[in-house]
Chemist: 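Sharing a structure below in structure tokens format, with a few things to ask.
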Amino acid sequence: PLVLLSIGVGFLFRRRRTVIHCASFYTEKERRDITAIVAKEVKKGILRIPASIDLFGDPDFGTPKKLTIEYSGWARQTKTVQEHGYIDLK
């Protein structure tokens, strides 16, 4: 998304900055802090984050996991998705 700022008679386009406040990949028994991993993906421009053991490892083998990300762009938000899903940070 772009921000449109009026400057005199011209316009300046600026992208919003997505900030990751915290992120975790977890089950009821085990929780893994993945804030740094998600922040690194966002810094590379990746805003669709998969809930995947391929990216985050397996905190509790054989148990369904969830991915939760707290972030801000225009406003602070928290999103959660089941394993194999995606969180779009757009």
Side-chain angles (χ1 to χ4, degrees):
L2 297 174
V3 177
L4 180 62
L5 301 173
S6 175
I7 301 175
V9 292
F11 292 94
L12 171 68
F13 292 92
R14 188 178 76 184
R15 292 200 176 274
R16 73 177 162 113
R17 183 170 160 239
T18 301
V19 177
I20 304 303
H21 301 286
C22 63
S24 57
F25 194 54
Y26 61 96
T27 67
E28 289 184 16
K29 295 189 313 183
E30 297 291 329
R31 180 172 297 267
R32 182 167 291 166
D33 181 352
I34 56 164
T35 305
I37 297 169
V38 174
K40 186 176 180 181
E41 294 295 295
V42 169
K43 188 173 183 179
K44 293 189 292 188
I46 299 169
L47 298 177
R48 188 168 192 242
I49 309 297
S52 169
I53 61 173
D54 294 335
L55 185 58
F56 305 123
D58 194 342
D60 190 6
F61 181 76
T63 306
K65 287 100 179 118
K66 290 184 181 180
L67 168 64
T68 295
I69 302 174
E70 183 179 338
Y71 70 101
S72 57
W74 301 117
R76 197 166 182 138
Q77 301 179 62
T78 301
K79 292 185 179 179
T80 300
V81 68
Q82 298 287 333
E83 184 177 13
H84 307 298
Y86 289 86
I87 291 181
D88 286 312
L89 302 176
K90 298 177 184 178

Chemist: How close do Ser24 and Arg31 get, heavy atom to heavy atom, and via which atoms?
Modeler: OG-NH1, 2.8 Å
Chemist: The criterion is salt bridge (Lys or Arg N to Asp or Glu O under 4.0 Å); which residues satisfy it with Asp58, sequence neighbours excluded?
Modeler: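 With neighbours one apart ignored, the set is Lys65.
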Chemist: Could you state the interatomic distance from CD (Glu70) to CD (Gln77), rounded to the nearest 0.5 Å?
Modeler: 10.5 Å
Chemist: Rounded to the nearest 0.5 Å, what separates atom CG in Leu67 from atom CZ in Arg32?
Modeler: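 Reported value, rounded in 0.5 Å steps: 12.5 Å.
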Chemist: Going only through I, L, V, M, F, W and Y residues with side-chain contacts under 4.5 Å, is there a path from Tyr71 to Ile46?
Modeler: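 Yes; Ile46 is reachable from Tyr71 via cluster members.
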Chemist: Closest heavy-atom contact between Pro59 and Gly57?
Modeler: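 Heavy atoms of Pro59 and Gly57 come nearest at CD-O, 3.4 Å.
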Chemist: Distance-only, no hydrogens or angles: does the Asp88 side chain make a donor-acceptor pair with backbone N or O of Lys90 under 3.5 Å?
Modeler: no
Chemist: Between Asp33 and Ala23, which heavy-atom pair has the shortest distance, and what is it?
Modeler: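 So the two residues come closest at OD1-O, 3.3 Å.
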Chemist: Under a 4.5 Å side-chain heavy-atom rule over Ile, Leu, Val, Met, Phe, Trp and Tyr, are Ile87 and Leu47 clustered together?
Modeler: yes
Chemist: Assigning hydrophobic clusters by single linkage (Ile, Leu, Val, Met, Phe, Trp, Tyr; side-chain heavy-atom cutoff under 4.5 Å), is Ile53 placed with Val81?
Modeler: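 Shared cluster, yes.
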Chemist: Listing request: all ring-ring contact (aromatic ring centres under 6.0 Å, His included) pairs with a residue in residues 20-45, at least two apart in sequence or in separate chains.
Modeler: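 Output for this query lists Phe25-Phe56.
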Chemist: Under the side chain to side chain contact (heavy atoms under 4.5 Å, CB included) test against Ser72, which residue among Thr18, Leu89, Ile20, Val19 passes?
Modeler: Val19
Chemist: Sequence neighbours excluded, which residues qualify as side chain to side chain contact (heavy atoms under 4.5 Å, CB included) partners of Lys29?
Modeler: Thr27, Asp60
Chemist: Within this structure, what is the CG-CD1 distance for the pair Leu55 and Ile49, rounded to the nearest 0.5 Å?
Modeler: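 Separation between the atoms: 7.0 Å.
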Chemist: Would you give the length of the straight line joining atom CD1 of Ile34 to atom NZ of Lys40, rounded to the nearest 0.5 angstrom?
Modeler: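 Going from CD1 on Ile34 over to NZ on Lys40, the span is 14.0 Å.
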Chemist: Report, as yes or no, whether the 6.0 Å neighbourhood of atom NZ on Lys79 holds more than 12 heavy atoms from other residues, nucleotides or ligands.
Modeler: yes
